Every structure is written in structure tokens, then in C-alpha cells.
Amino acid sequence: MTNSGFSVSGYGPERSHMSRLLARDSIVRRLDWPMLLAALALSAIGSALVYSATRNRTELVGDDPYAFLIKHVINIGIGLALMAGTVWLGHRTLRTAVPILYGISVFLVLLVLTPLGATINGAHAWIVIAGQSLQPSEFCKVTIILGMAMLLAARVDAGDKEHPDHRTVVQALGLAAVPVMIVMLMPDLGSVMVMVMIVLGVLLASGASNRWVFGLLGTGALGGIAIWQLGVLDDYQIARFAAFANPALDPAGVGYNTNQARIAIGSGGLTGTGLTNGSQTTGQFVPEQQTDFVFTVAGEELGFVGAGAILLLLGVVLWRACAIARETTELYGTIVAAGIIAWFAFQSFENIGMTLGIMPVAGLPLPFVSYGGSSMFAVWVAVGLLQSIKVQRPMSA
């Protein structure tokens, strides 16, 4: 047997060991390296921004200015390990485990509504176990994608149908509705918005009738009106939308964050003030700069060039994800990739948009950049799924 110029001969453990080595080498060569390097660069930039945003916040880091940086790097390391494990298992193997993964994610998100639930940064979307906080809705994004893809692609990949039928679409929407409704009860409106965009992306990629897409959009609009009228949202969430509609409404109150964010980004100019030299960042004028408003640190301290580099790298990740979705030969892989594209694209747009004042504040992290373990783990698992789709594609595809 030959592979990459090497011959494998012999029998028993020696041959088996060499075969495994060559298989691993094949996986490494077939990885989508532009995507992987772009995601790693985003995480590296994020580490620098998190350090700058937290180094002098003694109420968070105490006497150790590197405390958040160390935690952030550890989170990245765990995320990379999860990505590697996902590639090793493969998206097709995970397809068989979707019912278990889905059940676990729904169980965890239900725990938020129990005494284990905790409010962090104004959002009651976390559980605290053994002193560690976890945001289960981040993992629901992954399982919604996998679960809907499993249902919508089952009969198509088997050759029984060309497109998902109406019954299958109803089942897929029902699967997604369970975690979406639970997250709405928290309420975590930002995560719900992302999940709805994921569902739209999945339906569009599945080949389902456009009537379902338009119907979902109409239902979402009516649901939004109903949520507003029934008072499901908390007061602070309503105030955020009001401040978005009228930025001058309460500049010292609910509009403070976005006003300070725009000041920080605007003061950076072309090349920025230099890392750790931003007056808005050092003076702690923008709240939550290591998480939701991390882009303001880039705008102020790295300037238009640095902020543009983040946008470019996010664009590379999305470009390669689109290429993977287009080139795969199985509908399941296409749907999974499309769901991840919708997730990354909308969440990035919302996060950056709210710092610029063109989107309402929704409390969403910037993928790969913001501090936060749950988000970091989830996005790297998503990268692992994309890489698995690329690696397991037939060489002729």
C-alpha cells in the first residue's frame, strides 16, 4: 500500500501503526488551513484585546493583571482540543449521536431555570457548577444545527427523495423550537436571534420549499410583536431597543454603552493609539470590553487597520465555510456548514453592529475574539465540524 510516497509493508502491529500514522498525515494535509489559521489569528488578537481590557481592572483581576489573559488562553486551548476531537470523531459519527447530544443540551439549558441558574452581566442565561459558569445556549446552537441536518438530510442522502418533505420540515422545526422557547423564557434574546438565523440558514440550504422560509419569517415577526405586547422581555431589554431607536433618549443611562463604544472606536483613527494606550479602555469607560464590547478595544487601540483586520479574518472563515458547503457531496454536510455560516455571520454582524450603533445591544460575543469559555468552546467545535466535512469529502469532489 502506498500513500504520500511511503510504502507500508509487513504485518501485525507494525503495519497497523504505520497505517495510523499515514491516516493522521492525510487528515492534517486535507484540513482547510486558511480557515484554521484565520480562526487562530482571531483568537490571538482576541487574547491581546482581552488583556488590554482587563489588566487594570482590579475588581476583576485583583493583583494579577494577566488573570483574564491566562483564562482566555486556557479556553482557547480547550477549544482547540474540542476541535481536534470533533475532527477525529467526524461529523458522520456525531450524526449517530445527535439524539444524545441534543438531549444533554436541552437538559443543561433547562437547568438555567432552576436554582442552579445564575445572572451574569444582566442575563439570566448561565448555570454555575463547582464554581464554574457555563452558558448552555451556546451548545444548543451546535445541536440545533446537527439535529435539523440529521432530519432534513436523512431521506435525501439515502436517495429516497430529492428534497425534504413537509412532514420532515415540521419535525425539524419542532426540534429547534424546544431549546429556542426555553432560552426565550430566560429571556436571552440575543441567543434566540442567533438560533432563528441558524434555522433560516439550515432551511435555505436543505432545499425545503421557500414557503417554509417565508412562513418562518412571518411567524417570527408576529412572535416578536406578541413578545413585546405580552411583556416577556425584561425592562432592560426593552430599554436597549428604545435606545437603539433613539440614541439620544438616555445618553447617561441605557444609551451609555453604545455612546461610549462609538467614542472609543472613533478615537482610534487609522492606526489606533497602541495596545494598552487607549484612554477609553484604560479609563474603563466602556463596560464589558472583554466580552460583548471587545471590538471597541480593537477600534481604539488598533485603529481602522486593526479593526479591518478582524473583519478580514472573519471574512476568510466565512469564505472557506461557504467553499466547504458548496463542495461537499452530501446534503447533511451542506446543511451543517450552512447553519454554522448563518451563526458566525449573524453573530459577528450583531456584535460589531451594536458597537457602531447600527444594531441593538443584544449581549452576544464576537466569535473567536471575546472572552468567554462557553462561546469559545462552541465556535471551535463548529470549526471542527467544518474541518471534518472537508477532510471526509472524497478526493475527487
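Note: hydrogens, waters and symmetry copies are ignored here, and every other heavy atom, side chains too, is used. In this chain, residues are counted from 1 in sequence order. Note that the structure is predicted; figures quoted are calculated from it, not measured.
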J.: Parallel, tilted or perpendicular: which describes the rings of His166 and Trp212, with under 30° parallel and over 60° perpendicular?
T.: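 Answer is tilted, since the angle falls between 30° and 60°.
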J.: Which heavy-atom pair separates Ser137 from Ser191 by the least distance, and what is that distance?
T.: OG-OG, 3.4 Å
J.: Is there any salt bridge (charged side-chain N to carboxylate O under 4.0 Å, His left out) pair reaching into residues 302-314, and which pairs are they, with sequence neighbours excluded?
T.: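 Listed once each, the pairs would be none.
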J.: To the closest 0.5 Å, what do you measure between NE2 (His91) and CD1 (Ile389)?
T.: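 If we round to the nearest 0.5 Å, His91:NE2 and Ile389:CD1 are 5.0 Å apart.
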J.: State plainly whether one hydrophobic cluster holds both Val180 and Phe107, where clusters connect Ile, Leu, Val, Met, Phe, Trp and Tyr through side-chain heavy atoms under 4.5 angstrom apart.
T.: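 Same hydrophobic cluster.
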J.: Consider only side-chain heavy atoms of I, L, V, M, F, W and Y, link residues closer than 4.5 Å, and tell whether Leu80 and Trp33 are in one cluster.
T.: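 Yes, Leu80 connects to Trp33 through the hydrophobic network.
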J.: Less than 4.5 Å apart, side chain to side chain, heavy atoms only: is that true for Thr296 and Gln260?
T.: no
J.: What about the rings of Phe68 and Tyr51, do their centers lie closer together than 6.0 Å?
T.: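 No, the ring centres sit 6.0 Å or more apart.
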J.: Among Leu331, Leu175, Val169, find the residue that satisfies the side-chain contact (heavy atoms from CB on, under 4.5 Å) test when tested with Leu152.
T.: Val169
J.: If the condition is side-chain contact (heavy atoms from CB on, under 4.5 Å), which residues does Thr93 pass it with, not counting sequence neighbours?
T.: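 Listed in chain order: nothing, the list is empty.
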J.: Does atom CD1 (Ile100) have a neighbourhood of more than 12 heavy atoms from anything else shown, all under 6.0 Å?
T.: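 It does not: Ile100 CD1 has 12 such atoms or fewer within range.
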J.: Is there side-chain contact between Val142 and Trp343, with at least one heavy-atom pair below 4.5 Å?
T.: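 Yes - at least one pair of side-chain heavy atoms lies under 4.5 Å apart.
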J.: Heavy-atom distance under 4.5 Å between the side chains of Leu42 and Pro367, does that happen here?
T.: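 Result no, sub-4.5 Å side-chain heavy-atom pair not found.
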J.: Find out if a path of hydrophobic residues (ILVMFWY) with successive side-chain heavy-atom gaps under 4.5 Å connects Phe344 to Leu312.
T.: no
J.: Just wondering, do Leu217 and Leu200 contact through their side chains at under 4.5 Å, heavy atoms?
T.: yes
J.: Under 3.5 Å, side chain of Asn351 to main-chain N/O of Leu364, donor-acceptor pair present?
T.: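 At least one qualifying donor-acceptor pair exists.
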J.: Is Asn75 reaching over with its side chain to a backbone N or O of Tyr371, donor-acceptor style, under 3.5 angstrom?
T.: no
J.: Kindly indicate whether the side chain of Ile127, heavy atoms from C-beta on, has any atom under 4.5 Å from the side chain of Leu108.
T.: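 Sidechains of Leu108 and Ile127: in contact.
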J.: When clusters are formed by joining ILVMFWY residues with side-chain heavy atoms under 4.5 Å apart, either directly or through shared neighbours, do Val305 and Leu49 land in the same one?
T.: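 No, because Val305 and Leu49 fall into different hydrophobic clusters, even though each may have its own neighbours under 4.5 Å.
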J.: Checking Ser43 side chain against Leu40 main chain: does a donor-acceptor pair fall under 3.5 Å?
T.: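 Here the side-chain-to-backbone pair does not exist.
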J.: Could you check whether any side-chain N or O of Thr86 sits under 3.5 Å from a backbone N or O of Leu82, counting only pairs where one atom can act as donor and the other as acceptor?
T.: yes
J.: Quick one, Thr54 and Gln289 - any side-chain contact, counting heavy atoms below 4.5 Å?
T.: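 They are not in side-chain contact.
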J.: Measuring only between side-chain heavy atoms, which start at C-beta, is Leu69 closer than 4.5 Å to Val50?
T.: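 Counting from C-beta outward, Leu69 and Val50 never come under 4.5 Å.
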J.: Looking at OG of Ser279 and CD of Glu301, how far apart are the two atoms once the value is rounded to the nearest 0.5 Å?
T.: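 Reported to 0.5 Å precision, the distance equals 9.0 Å.
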J.: If you round to the nearest 0.5 Å, how far is OG1 of Thr281 from CD of Glu300?
T.: 4.0 Å
J.: Side-chain donor-acceptor pairs under 3.5 Å in residues 372-380, sequence neighbours left out?
T.:
unit_1, atom_1, unit_2, atom_2, d
Ser374, OG, Gln135, N, 2.8

J.: Between Thr168 and Asp165, is any side-chain donor less than 3.5 angstrom from a side-chain acceptor?
T.: yes
J.: Measuring only between side-chain heavy atoms, which start at C-beta, is Met186 closer than 4.5 Å to Leu113?
T.: yes
J.: Same cluster for Ile310 and Phe304 if Ile/Leu/Val/Met/Phe/Trp/Tyr side chains link at under 4.5 Å?
T.: no
J.: Hey, do the aromatic rings of Phe285 and Phe293 have their centres closer than 6.0 Å?
T.: no
J.: Kindly give the cluster partners of Ile263, where membership spreads through any ILVMFWY side chain lying under 4.5 Å from a current member.
T.: none
J.: First locate atom CG of Leu203, then atom CD1 of Ile335, and finally report the distance between them rounded to the nearest 0.5 Å.
T.: 9.0 Å
J.: Hey, what do you get for CE (Met184) to CE (Met195), rounding to the nearest 0.5 Å?
T.: 10.0 Å
J.: How long is the gap from OG1 on Thr291 to CG on Leu366, to the nearest 0.5 Å?
T.: 11.0 Å
J.: Please check: side-chain N/O of Thr143 versus main-chain N/O of Cys140, any donor-acceptor pairing under 3.5 Å?
T.: yes
J.: Could you check whether any side-chain N or O of Ser267 sits under 3.5 Å from a backbone N or O of Ala264, counting only pairs where one atom can act as donor and the other as acceptor?
T.: yes
J.: By side-chain contact (heavy atoms from CB on, under 4.5 Å), which residues pair with Met35, not counting sequence neighbours?
T.: Asp32, Val317, Arg320, Ala321, Ile324, Val383, Leu386, Gln387
J.: Please report the C-alpha distance between Leu111 and Leu134 in whole Å, then the side-chain angles of each, then the deciding distance to 0.1 Å, and finally whether the side chain to side chain contact (heavy atoms under 4.5 Å, CB included) criterion is met.
T.: CA-CA 11 Å; Leu111 289 180; Leu134 188 72; over 6 Å; no
J.: Quick one: hydrophobic cluster around Val316, which other residues, with the 4.5 Å side-chain cut-off, linked directly or via members?
T.: Trp319
